[in-house]
Amino acid sequence: MKFGKSICVLNVGGTRYAFTREVIRDFPLRRVSRLHACATEKEVLELCDDYDRDRNEFFFDRHAQAFVFIMLYVRSGKLRFVPGVCELSFYSEMLYWGLESVHLDSCCQKRLDDRMSDIGLDTLSEGDIVLSGDEPETPDESVQRIALTGRAKWLEKMRKTVEEPNSSIAAQLLASVSVIFVIISMIMLCASTLPDWDTAKKNTVEEHRIVEAVCIGWFTAECILRFLLARDKLDFIRHPLNIIDVIAITPYYVTIAMARAGMPGAGLGVAGVVLRVLRMMRVFWLMKLARHFLGLQTLGLTLRRCYREMVMLLVFVCVAMAIYSALAQLLEHGLDLGAQNQDYASIPAAAWWVIISMTTVGYGDVYPITIGGRVLGGMCVVSGIVLLALPITFIYHSFVQCYHELRLRSARYARSLSTEMLQ
């Protein structure tokens, strides 16, 4: 829209805010920034409740105090609930202006999740509180909206079916079949290492080939389907679980190609060893279970959020290991007092004793024999307990928070699934 003045006024619940056209164009709130792209007054009125052309003033009949806190977020980057205002009411204001729950501080996110869980609400979306005409539509956006009623909507439903196991009954059935194939594949992988496996395989070679081909075929079809339905193909390729899927599937097809070329894998030297290592990578198919089990999802999310604490723990252990291994080598071997303990002939050899002592494992294969070495061993064990316990509190609280978030998400999916079954 061609604004009449260089200053634009936003009137939110009676409180007026003045901004330049450049600020409006780059405004962090999506609803406000879209005003700059409006070509007609009709498009402006789709975003606001009224418009005064003479004063270049946009009227929004919204909660004035809530917008004050939203403006504080625009300035400082911190978004918190308004004291005395219902969490859901403030959340509806956030959605109206184009913000999501992820923009809230973590403490307020927990309050919102608790509130929505208490009233049995699955989730709020912008479409639940905003009229369909509130969002401006360019011609391209209009075409996309129409397409969502057809092919795009079907593709999105299919994507949720293969990516979100709890999103529908079909998704749960698909996930159950995938879990069964993972279990069958793991059983065959474990059985293939038994001494009598080669004899049994010779007697039932066709059955084993069929089972293996069916499992690999299912995993291949699942991976290709998820790739075709992915919104961002590059993100899909870079995802660790998808990389593991490809690594686990590839050796089967490499083995088939080599067999057809007359090169059996057992006699290829280094190539055969590499191929057997790749085949053993199938064990990482167990990571596929993380899509279906809350415990594994919680563990992965906790490790991703606590990588700083994990690095800090690793640094603690490495520093202590360097100090104690040097002292242990000196006391047990380096001072040359009587009999030398050959288990501590070098610092790297002593480092093995330090790590099993600090973690209180104590295999007993290496142990000090001098008085100084035994005193050092006691100090090593005690300090190991203290150092390992320091970051545990942070990791524990993060684990509890991640579990709470994922449990709420799972409960929402369960309520949605119950609604779908009743309809």
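Hydrogens, waters and symmetry mates are skipped; everything else that's a heavy atom, side chains included, is used.
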Side-chain polar contacts of residues 298-305 - donor-acceptor pairs under 3.5 angstrom, sequence neighbours left out - could you list them?
residue	atom	partner	partner atom	Å
Thr298	OG1	Leu294	O	2.8
Thr302	OG1	Thr298	O	2.7
Arg305	NH1	Glu405	OE1	3.3
Arg305	NH1	Glu405	OE2	3.3
Arg305	NH2	Glu405	OE1	2.9

Without placing hydrogens or testing angles, list every side-chain donor-acceptor pair under 3.5 Å for residues 310-327, not counting sequence neighbours.
residue	atom	partner	partner atom	Å
Tyr324	OH	Ser383	OG	3.1
Ser325	OG	Met321	O	2.6
Ser325	OG	Ala322	O	3.2

Would you list the atom pairs, donor with acceptor, under 3.5 Å between side chains in residues 173-184 and any protein atom, with sequence neighbours excluded?
residue	atom	partner	partner atom	Å
Ser176	OG	Gln172	O	2.8
Ser178	OG	Glu222	OE2	3.4

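Note that CD of Glu332 is 5.5 Å distant from CD1 of Ile369, once rounded to the nearest 0.5 Å. How far CG of Leu104 is from OH of Tyr91: 8.0 Å, rounded to the nearest 0.5 Å. Between the CD1 atom of Ile243 and the CZ atom of Phe236 there is a distance of 10.5 Å, given to the nearest 0.5 Å. The distance from atom NE2 of His103 to atom OH of Tyr73, rounded to the nearest 0.5 Å, is 4.0 Å. The distance from the CE atom of Met94 to the OG atom of Ser89 is 12.5 Å, given to the nearest 0.5 Å. Ile385 CD1 to Leu390 CG: the interatomic distance, rounded to the nearest 0.5 Å, is 12.0 Å.
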Would Trp352 and Ile355 count as a side chain to side chain contact (heavy atoms under 4.5 Å, CB included) if you check the C-alpha gap in whole Å, the side-chain angles of each, and the deciding distance to 0.1 Å?
CA-CA 5 Å; Trp352 165 249; Ile355 192 64; 4.1 Å; yes
Derivation and outcome, side chain to side chain contact (heavy atoms under 4.5 Å, CB included), residues Leu10 and Leu35:
CA-CA 11 Å; Leu10 305 182; Leu35 289 172; 4.1 Å; yes
Apply side chain to side chain contact (heavy atoms under 4.5 Å, CB included) to the pair Phe59 and Cys48, showing each step before the final yes or no.
CA-CA 6 Å; Phe59 294 88; Cys48 61; 5.9 Å; no
Show, in sequence, the C-alpha distance, side-chain angles and deciding distance for Trp97 and Arg62, and conclude whether the side chain to side chain contact (heavy atoms under 4.5 Å, CB included) test is met.
CA-CA 10 Å; Trp97 294 108; Arg62 307 301 298 185; 4.0 Å; yes
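The shortest heavy-atom contact between Thr359 and Leu388 is CA-CD1, 4.1 Å. Here the closest heavy-atom approach between residue Val246 and residue Cys223 is recorded as CG2-SG, 4.4 Å. Here the shortest heavy-atom pairing between Gln329 and Ser346 reads CG-C, 3.6 Å. Here the closest non-hydrogen pair linking Ala66 and Glu93 is CB-CG, 4.0 Å. Ile395 and Cys306 make their closest contact through CA-SG, 4.0 Å (heavy atoms, listed as atom of the first residue, atom of the second, distance). Heavy-atom minimum distance, Cys108 versus Arg80: SG-CA, 3.7 Å.
His63 is listed as a side-chain neighbour of Val85, based on a closest heavy-atom distance under 4.5 Å. Met188 has its side chain within reach of Val211: a pair of non-hydrogen atoms, C-beta onward, lies under 4.5 Å apart. Considering only heavy atoms from C-beta on, Phe69 comes within 4.5 Å of Phe90 through its side chain. The shortest side-chain heavy-atom distance between Thr370 and Tyr344 does not fall under the 4.5 Å cut-off. Taking 4.5 Å as the limit, some side-chain heavy atom of Glu41 sits within range of a side-chain heavy atom of Tyr51. In this structure, Val381 and Met358 have side chains that are not in contact, with every pair of non-hydrogen atoms separated by 4.5 Å or more. Annotation: side chain of Leu72 is not in contact with side chain of Phe67 (no heavy-atom distance under 4.5 Å). Put simply, the side chain of Val214 does not reach to within 4.5 Å of the side chain of Trp218, judged on heavy atoms.
Within a 6.0 Å radius of CD1 in Ile371, no more than 12 heavy atoms belonging to other residues, nucleotides or ligands are found.
Checked against side chain to side chain donor-acceptor pair (under 3.5 Å), Thr220 has the following partners two or more places apart in sequence or in another chain: Tyr253. Scanning for side chain to side chain donor-acceptor pair (under 3.5 Å) contacts around Arg226 gives Glu163, Asn242, with sequence neighbours left out. With sequence neighbours left out, Arg238 forms a side chain to side chain donor-acceptor pair (under 3.5 Å) with Asp235.
Under the 3.5 Å distance criterion, the side-chain polar atoms of Arg31 are matched with a main-chain donor or acceptor of Tyr96. A donor-acceptor pair is defined here as one N or O able to donate and one able to accept, closer than 3.5 Å; such a pair exists between the side chain of Asp49 and the backbone of Asp61.
For Asp365 and Trp353, the side-chain atoms include no donor-acceptor pair closer than 3.5 Å.
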